[in-house]
Amino acid sequence: MLDPKLLRESPGTVRAAIAKKHLQVDLDAVIALDNAWRALLQETETLRSRQKAANGEMAKLPKGSPEFIAKVAEMKAVSAQVKEKEAALKDAEEKCRAAMLSLPNIPHESVPEGATPEQNVVFSTHGDIAALVSPHAKPHYEIDGFNKLFDFDRGAKVTGAGFPFYVGDGAKIVRALLQFFLDEDTKAGYTEVNPPIFVNEASATAVGQLPDKEGMMYETIPDRFYAIPTAETPLTNFFRDEIIDEAALPVCRCAYTPCFRREAGSYGKDVRGLNRLHQFDKVELLKWVHPSKSYEEHDKLRDDAERLLQKLGLPYRVLLMCGGDLGFSQAKKYDLEVWSGGQKRWLEVSSCSNFESFQARRAQIRFRGKDGKPELVHTLNGSGLAIPRVLSALLENNLQADGRVKIPAALAPYFGKEYLSFA
RNA sequence: GGAGAGGUGGCAGAGUGGUCGAAUGCGCGCGCUUGGAAAGCGCGUAUACCGCAAGGUAUCGGGGGUUCGAAUCCCCCCCUCUCCGCCA
């Protein structure tokens, strides 16, 4: 959520932000709702003020006295008015809040102009594809024996499409990657957290998954919990409605969780094999930082995620997202895409985003500044990393002539052997 | 799942219909005192919103209700604790 003051004092800034993100929002309507709410608030508070004053007088009057009885009659009318105004105020407040929530975050000045993904800027490219991709590479879902290690048929029977069983070396490689990522992230200064994988409505709302996006999440009956689409959800909510000690900033955390996404409407090559699943494993990086350090920390976060790909010897590139491809709540975002040597395309394995105070305002996450006043933190997050697509690239790029997969040196100690076998 | 007890400011803990944003203590900050410190004394010590300002309003787990008036009474929900049951 944006600062309402920004809308009042500098609507042009908000208008420009909407334009840069190529969104359609009736800003004048939002401003009108805000004005209506403020006017109504004034009226209501004036009435309440009268009520309070009368209350003080009545407390001093003898209960049954004529003055007292007269006062009750008088205040009855005021009370009715207050009830009426309060109902109107509540209605205005809800409309106003909903309208405010429809306003996107302001893109950072360094975000390139552009409307479509094609206009994202290639920020950097790493790793020599020719040298790092095996000549025997093929799409992972076409590798002989793939279904033995990644059993989609059994998964579909037991749960549904997109919920595979990982078996034998398939399970082991997932575990190795998770542990490798967590160890590396911990070394980089992130404290490991193991969060709940279901959240309540308040938490889903605080990070913007509700309202409107309930279709992307699995919901439990009868408790109305939501299966998390990413560890960002519980992690960001850790400090919801809290004031963090300024000296503790930046707070850096990492968490492994399974992630659950309904992905309604996906189809085609995007969903083949491990490319897009309803349940997948991911290690998430999250930072709560001082606003003055926000972009410095953002770059470090991206570096931390990049280092994982480098250590695995996977070629990748970094995209700087243009305004039109930025998410609603992000001020700036880098995507890390790994080269899938078999499918011959880039696969997104991490999005490193700076939300500035947009999330923090909605979730009320603050720190106490030098002057003693609470101030909103900036929140940043990024994957470090999402397992299945890293795994896709790994299986494809490292596929040997004999059908085995060479395990990168950095990962071998975790996997326990040098080759993964589909036999 | 059943029965009971509770949720008040940074913490502890009063307050059962009015002058209560809320006693008192602790903690914290500033000052006095002191050679210095402790003790003692004095003052201060939540958050948010509206307003140019003066100022006003809201908040006693959350929501709704009763009332001229609710921290206080009623209803629903959430959470914590104790006992019982069940269980990895």
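Letters go in sequence order (proteins before strands), and every chain restarts at 1. Bear in mind the structure is a predicted one, so any value in this text is a computation, not a measurement.
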* Asked: Within 45° of the ring axis of A:Y419 and under 6.0 Å from its six-membered ring centre, is that where the NZ or CZ of A:K406 lies?
  ->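 Relative to the ring axis of A:Y419, which defines the angle, A:K406 lies inside both limits.
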
* To do: Answer yes or no on whether A:R404 is positioned over the face of A:F422, meaning its NZ or CZ is under 6.0 Å from the six-membered ring centre and within 45° of the axis.
  =>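 Checked: cation-pi criterion not met.
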
* Measure the distance from CD on A:E74 to P on B:C68 and round it to the nearest whole Å. =>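 These atoms are roughly 14 Å apart.
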
* Asked: Taking CG from A:L47 and P from B:C68, how many angstroms apart are they, rounded to a whole number?
  ->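 These atoms are roughly 16 Å apart.
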
* **salt bridge (Lys or Arg N to Asp or Glu O under 4.0 Å) contacts in which one or both residues fall within residues 148-164 of chain A, not counting sequence neighbours** => A:D151-A:R154

* Asked: Among the nucleotides B:G69, B:G56, B:C50, which one has an atom lying closest to any side-chain atom of A:R38?
  -> B:C50

* Just compare B:G64, B:C68, B:U57 and give me whichever is closest to any side-chain atom of A:Q51. => B:C68

* Under 4.0 angstrom between A:K90 side-chain N/O and B:G64 OP1 or OP2 -> yes

* Checking only heavy atoms, does the side chain of A:K76 share a donor-acceptor pair with the base of B:G69 at less than 3.5 Å? -> no

* **Polar contact flag, side-chain donor to acceptor under 3.5 angstrom, A:Y141-A:N147** =>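 No pair is found: no donor N or O on one side chain lies under 3.5 Å from an acceptor on the other.
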
* **Main-chain N/O of A:F355 paired to A:S353 side chain as donor or acceptor, under 3.5 Å** =>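 Not at all, since once roles are kept as given, no pair shorter than 3.5 Å links the two residues.
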
* Any donor-acceptor pair under 3.5 Å from A:R368 side chain to A:K373 backbone -> no

* **Dot-bracket summary - RNA chain B, pairs being Watson-Crick or G-U whose distances fall under 3.5 Å, with | when paired to another strand** => ((((((((.[[[..)..(.....]]]((((((.......))))))(((((....))))).[[[[[..)....]]]]])))))))....

* Quote, to the nearest angstrom, the P distance that separates B:G9 from B:U72. => 15 Å

So which protein nitrogen or oxygen atoms get under 3.5 Å of nucleotides 46-49 of chain B's nitrogens or oxygens?
| residue | atom | partner | partner atom | Å |
| --- | --- | --- | --- | --- |
| B:U47 | OP1 | A:R368 | NH1 | 2.7 |
| B:U47 | O3' | A:R366 | NH1 | 3.1 |
| B:A48 | OP1 | A:R366 | NH1 | 2.7 |

